[in-house]
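Below: the structure, in structure tokens.
Residue numbers begin at 1 in each chain, while the letters A, B, ... track the order of the sequences.
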Amino acid sequence: MPAAKKNTVAGSACFADTAAKITSRFASSLVMWQQVHGRHDLPWQQTRDPYRVWLSEIMLQQTQVSTVLNYYPRFLALFPDVQALAAASQDEVLSLWSGLGYYSRARNLHRCAQVVVQEYGGEFPAQMALLMELPGIGRSTAAAIAAFCFDERVSILDGNVKRVLTRTLGYGEDISTTAADRELWTLAQMLAPKPALVRKYQNASMTAMASYTQGLMDLGASLCQPRRAQCDLCPVAQVCRAHQSGTELAYPVKTRKVKRSVHSGYLLWLVSPLGVWLAPRPAKGIWGGLYSMPVFESVQQRTDVVYAMNAEQVTELPAFKHVLTHMDWMLQPAMVKLSRRQALNLPTVLQELQGNWFSLQEWPALGLPAPVRRLLEMAQAPQSDLFAP
DNA sequence: ATCCGGGACT
DNA sequence: AGTCCCGGAT
């Protein structure tokens, strides 16, 4: 057998061997640790209601627990069950989601609620495979719901868990590749609690699958952080290959470099006695479905509109940078003050955007992107002179 | 000021 | 592989 091929095969089998060797101790140690040291008091815990678990998991995608704590209770108060959420308008949902980011999550959440009500009679399906078919629920989120609510023996695999697993197994392959991703899913599944462990905890206040799933999350968030590993406190340090060689921080290996491009945007911030003029963004793309002041791609386009309105008071405000995954968006706001008469007779270009004037009482309740909300709040602050004559 | 981390969809 | 955001750490 050629040396290269032999290495590949041996290297590949190696991680599965390691996983098989440690799986019992890994899972049972993690479960025990979670029940003593893990988090138990988060508002979406101590429930097996799939609606509540689902809502929390969607909010927690790409978002820190501390941030979600500011949104989850309000959301649940207004939409206590999946029927209430399904019956809401998209505007209402986006308004409550405003500031959380990744707004496709909110649009999918809304659609998912409607599917659950219409296709499943308001009951979430009790299997990971069926959960995955719902809008906004991918493999990891489906596994989380299935494990927490239905004790299905499946593993989550989010960014935190990838870090925990690559360190535990000493998995040094580039996890950006699809091959590594496939392999990690297999390894994660191998490490999940076996039936014997599940049985052992079947009458406990927290089941093995729930504790294991929560334990993976808690470990990644507390002891096994990206730039800080507290292995002296870690329940699985004994079996952790990275810890054995003192190379915790070398994992995971990620090569893909997201080169961000730079784009400019020119905000037209119209104010008048009627309030501020905001228009819904296109359904897809950046800030999809949220309200914003119009954004032009060139300063010329904005100037043309300002000229068409015969505006006299134009104030250029300081530019700021809004960072997205794939681009740095340099946003340059210009505030234009219009009379009542001008406000009621906007040029065609703006009318086509389907915007509206929103009063000080109205705009705070809209679904607004974080930087837009910040701008509006800044203008409203007591010391601001933006609205002075 | 800049960097970093974090799932699903297309 | 590219597209979606924000807060917190550095």
- Query: Nearest to the side chain of A/Tyr103 - C/dT3, C/dG8, C/dC5?
  - Reply: C/dC5

- Nearest whole angstrom, please: distance from the P of C/dA9 to the CG of A/Leu249. 17 Å

- Task: Determine the contact category for A/Arg163: base if any of its heavy atoms lies under 4.0 Å from a base atom, sugar-phosphate if only primed atoms, P, OP1 or OP2 are that close, otherwise nothing.
- Result: sugar-phosphate

- According to a strict under-4.0 Å criterion, is A/His322 in side-chain N/O contact with OP1 or OP2 of C/dC5? no

- Message: What's A/Leu324 touching, base or sugar-phosphate or nothing? Going by heavy atoms closer than 4.0 Å.
- Response: base

- Query: Tell me: CG of A/Leu69 to P of C/dC6, nearest whole Å?
  - Reply: 19 Å

- Message: Can you tell me how far apart CD (A/Gln90) and OG (A/Ser95) are? Round to the nearest 0.5 Å.
- Response: 12.0 Å

- Considering only heavy side-chain atoms of A/Gln61, the closest of C/dC5, C/dG7, B/dG7 is B/dG7

- Message: At 4.0 Å (heavy atoms only), tell me whether A/Pro252 reaches a base, stays on the sugar-phosphate, or touches nothing.
- Response: nothing

- Task: Can you tell me the distance, in whole Å, between the CG atom of A/Leu368 and the P atom of C/dC5?
- Result: 14 Å

- Just how far, in rounded Å, is P of B/dA8 from CE of A/Met59? 16 Å

- Of the candidates B/dG6, B/dC9, C/dC6, the side chain of A/Asn108 sits closest to B/dC9

- Query: Counting only N and O atoms by type, is there a donor-acceptor contact under 3.5 Å from the side chain of A/Arg373 to the main-chain atoms of A/Leu366?
  - Reply: yes

- Task: For A/Ser176 and A/Asp174, test the side chains for any donor-to-acceptor distance below 3.5 angstrom and give the result as yes or no.
- Result: yes

- Item | Nearest listed nucleotide, side chain of A/Ser66, among C/dT3, B/dG7, C/dG8 | C/dG8

- Query: Can any side-chain N or O of A/Tyr72 pair as donor or acceptor with the backbone N or O of A/Arg52 at less than 3.5 Å?
  - Reply: yes

- Message: Just the rounded figure in Å: distance from P of B/dG7 to CG of A/Leu100.
- Response: 14 Å

- Item | Separation of B/dC9 C1' from A/Gln62 CD (nearest whole Å) | 12 Å

- Task: Between A/Arg111 and A/Leu60, just flag the one whose closest nucleotide in DNA chain B comes earlier from the 5' side.
- Result: A/Leu60

- Message: By the 4.0 Å heavy-atom rule, please label A/Thr141 as base, sugar-phosphate, or nothing.
- Response: sugar-phosphate

- When you get a sec, tell me which of B/dG5, C/dG7, B/dA8 is the closest nucleotide to the side chain of A/Arg374? C/dG7

- Query: A/Ile286 CD1 to C/dC4 P: how many Å, rounded?
  - Reply: 5 Å

- For B/dG5, does OP1 or OP2 lie under 4.0 Å from any side-chain N or O of A/Asn160? no

- For the pair A/Glu173 and A/Arg182, find out whether any cationic side-chain nitrogen is under 4.0 Å from an anionic carboxylate oxygen. no

- Rounded distance (Å) that lies between atom C1' of B/dG5 and atom CZ of A/Arg227: 8 Å

- Query: Between A/Trp97 and A/His110, is the ring centre distance below 6.0 Å?
  - Reply: no

- If you check every side-chain atom of A/Lys284, which of C/dC5, C/dT3, B/dT10 has the closest atom? B/dT10

- Item | A/Ser140 side chain, from C-beta outward: closest of C/dG8, B/dG6, B/dA8 | B/dA8

- Note on the structure: DNA chain B nearest-nucleotide lookup for A/Lys321 and A/Met132: closer to the 5′ end is A/Lys321

